[in-house]
Amino acid sequence: MNKRKIVSKLFISIFTLFTIISLVLPFSNAKAEEKTYIIATDVTFAPFEFQDENGDFVGIDMDLLKAIAEDQGFKYQVRPLGFNAAVQALEAKQVDAVIAGMSITDERKLKFDFSDPYFDSGVIMAVDEDNNKVSSYEDLKGERVAVKTGTEGAAFAQSIQDKYGFKVVTFDDSANMYEDVKTGNSIACFDDYPVLAYGVKQGNGLKIVTDKESGSSYGFAVAKGENAELLQMFNDGLSNLKASGEYQKILDKYLETGDEEADSGFFGLLKESFPSLMSGLKMTIILTVVSLVAATILGVIFGLFQVSNKKLLRAIATIYVDIFRGTPLLVQAFFIYFGIPAALDIRITAVVAGIITLSLNAGAYIAEIVRGGIQSVDKGQMEASRSLGLPYRKAMSKVVLPQAIRIMIPSFINQFVITLKDTSILSIIGINELTQSGKIIIARNLESFQMWLIVGIIYFIIIMILTKVSNHLERRIKHGEN
Amino acid sequence: MEKISVKNLKKNFGDLEVLKSISLDVHEGEVICIIGPSGSGKSTFLRCLNLLEEVTEGEVIVHGVNLTDKNIDINKVRENIGMVFQHFNLFPHLTVLENITLAPVELKKATKEEAKEAALKLLERVGLKDKAEVKPDQLSGGQKQRVAIARALAMKPDIMLFDEPTSALDPEMVGEVLAVMKQLAEEGMTMVIVTHEMGFAREVADRVIFMDGGYIVEQGTPEEIFGNPQNERTKDFLNKVL
């Protein structure tokens, strides 16, 4: 019968879609001759890694890596993912190595192989520059103290929190942690010495009040048992740089220079950050457009499944919609970017993982919009069509869908706006879209308030334009056919 | 020979038995009116004749094709059975002309030009030639139902099913629709009509069926049913509506 034909056609469409997706995915085997090493790093860990005004990644880690690669003659590509994402990506073997001001700890040694230490760090405490009450750990009793996840500062603060009776709150990047102290939510923060010292020099409004607690050392890490040759080259290069004096020059460049004054007025910031923000915006728009096209295809297919009279198709669609509506987008992004590649031993880029995540997520919502639209068309329309001898598919495409689409348009526009905003969540897997661009700029200049204002305004303008264009289109469709 | 032959038809909605064993033969050119109180299963019975409702048990044979057989192409059967609904069910996004030509063109029964020509003739027959280019929402109820009849006729069916075709109409519009149906009956169309219009049934029907509680309680010529009903329930019903 004809229904069977429709079902098989739908399945063919889905298979085609997945085939296309899998062809587009740049799968690559873990080993390849003459390889370019993928090295993950943090985005917000000045002075070890941050973007300068030209959008280039600089810092102690970056400069060291560059010098060592030149010395040893290997090719690499830096992927600024954020600290947590970088560590997870290394565990999932999505990247070959991590250099991110990472302390060498026994716990991490279980999963990673570390190079010789390339920097000896330590922990210091800072408070607001106007705060004259807190000058030692004893003064922290009953207060909130900010730390950055996974840093030595965080470990140290946690080790003494019971002794001195304070509460620890964790942040994902340094700029937010400093901001929390500036606003008075936290009384003090603990951070790695070079980072905090750099921040204070940049004018983050804090001051250092304790002596450096001696801490562990930073190392370059590869996954346990992998990339031994890379580790060896790093160690060899490092000792060559130390011997030649190049190593000390790099450290001095970031820790000894008096800082030049940047223009921190609103328009000065806007002008300075505009190129980075625009390239972030471009990525945001690419993510949105590609994901929405895929999501619309998925949504229409699964929406039709949901109104099918075949139990199996309805069940498939219901499971799909329930899973993607029933879990947070953030978790889906982590699962697709870190979980699946680790389980299947494949590699996908963050952008591809981001597009897959958004497509599947928005597809589930669009499936519901399509189902709702079709079901809001009077049942008599389908009956009248079928009574004339029209097969189900023709009745659906010629009679029901043209009426349903008009009902769906406002919900579609709404979903487009939501998906555009959801791209900001993908900054968490290190995609350099608009929000991530903002984070990166703030890591350098520490101007949270003004930068988030600028980023917010850009989103607002883009969404206003999208809404106006959509409304115009909606009116034209309604007038054109009615 | 019989156009439609129904044998021991049963239809359940879940636990509810709506049709409890119905048998009926309809001859070529016969006009049958089905009357009865609401909830008696009249409409459900009619909708079983083109399988808009799935049959729970029994047989429905149309032109010798058993509709309960899973291997038949129901779309082919439906092409020969026109249906007119209580609420018209015109396609609101299409013009009157497009409503009529959609099925013949999509099912490759005619080219666009042929279908258009045939549709205009049908519209002339139902007195609505000047409305060809308007959308259904600009028509009155009576006009909508006449377009719906023209739409069903465009597939050149030899059986027409009418499901309470005048129930949703204002009283002054009932006549124009019944006139079209009467003309169709006079031309020899095989028709099964569920209706509350007793006057029409009396005038046009070859046979009147009285249904109640999922059974055919009584049947006969209009003179027998309206003039001399035998069953108490038939008498009771006719006393209430006449």
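In the text below, chain A, chain B and the rest are named by the order of the sequence lines, each starting its count at 1.
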Nearest 0.5 Å, please: how far is [atom2] in [Y] from [atom1] in [X]?
X	Y	atom1	atom2	result
A/Leu390	B/Met155	CG	CE	7.5 Å
B/Leu51	A/Ser387	CG	OG	12.5 Å
B/Asn89	A/Met382	CG	CE	12.5 Å
B/Glu106	A/Leu388	CD	CG	11.5 Å
A/Ser385	B/Leu102	OG	CG	7.0 Å

Shortest non-hydrogen contact from [X] toward [Y]:
X	Y	result
A/Gln403	B/Pro92	OE1-CG, 3.2 Å
B/Leu107	A/Pro391	CD2-CD, 3.8 Å
B/His93	A/Pro402	CD2-CB, 3.6 Å

Please determine whether the number of non-hydrogen atoms from other residues, nucleotides or ligands lying under 6.0 Å from atom [atom1] of [X] exceeds 12.
X	atom1	value
A/Phe335	CZ	no
B/Glu54	CD	no
B/Glu28	CD	no

Could you tell me which portion of [X] (side chain, backbone, both or neither) has an atom closer than 4.5 angstrom to a non-hydrogen atom of chain A?
X	value
B/Arg47	side chain
B/Leu90	backbone
B/Phe91	both
B/Leu52	side chain

TODO: Please look at A/Lys398 and chain B and tell me whether the side chain, the backbone, both or neither of the residue comes under 4.5 angstrom of a heavy atom of that chain.
DONE: both
Open item on the list: Within the 3.5 Å criterion, strictly below it, is a donor on A/Arg386 or B/Asn50 matched to an acceptor on the partner's side chain?
Closed with: no
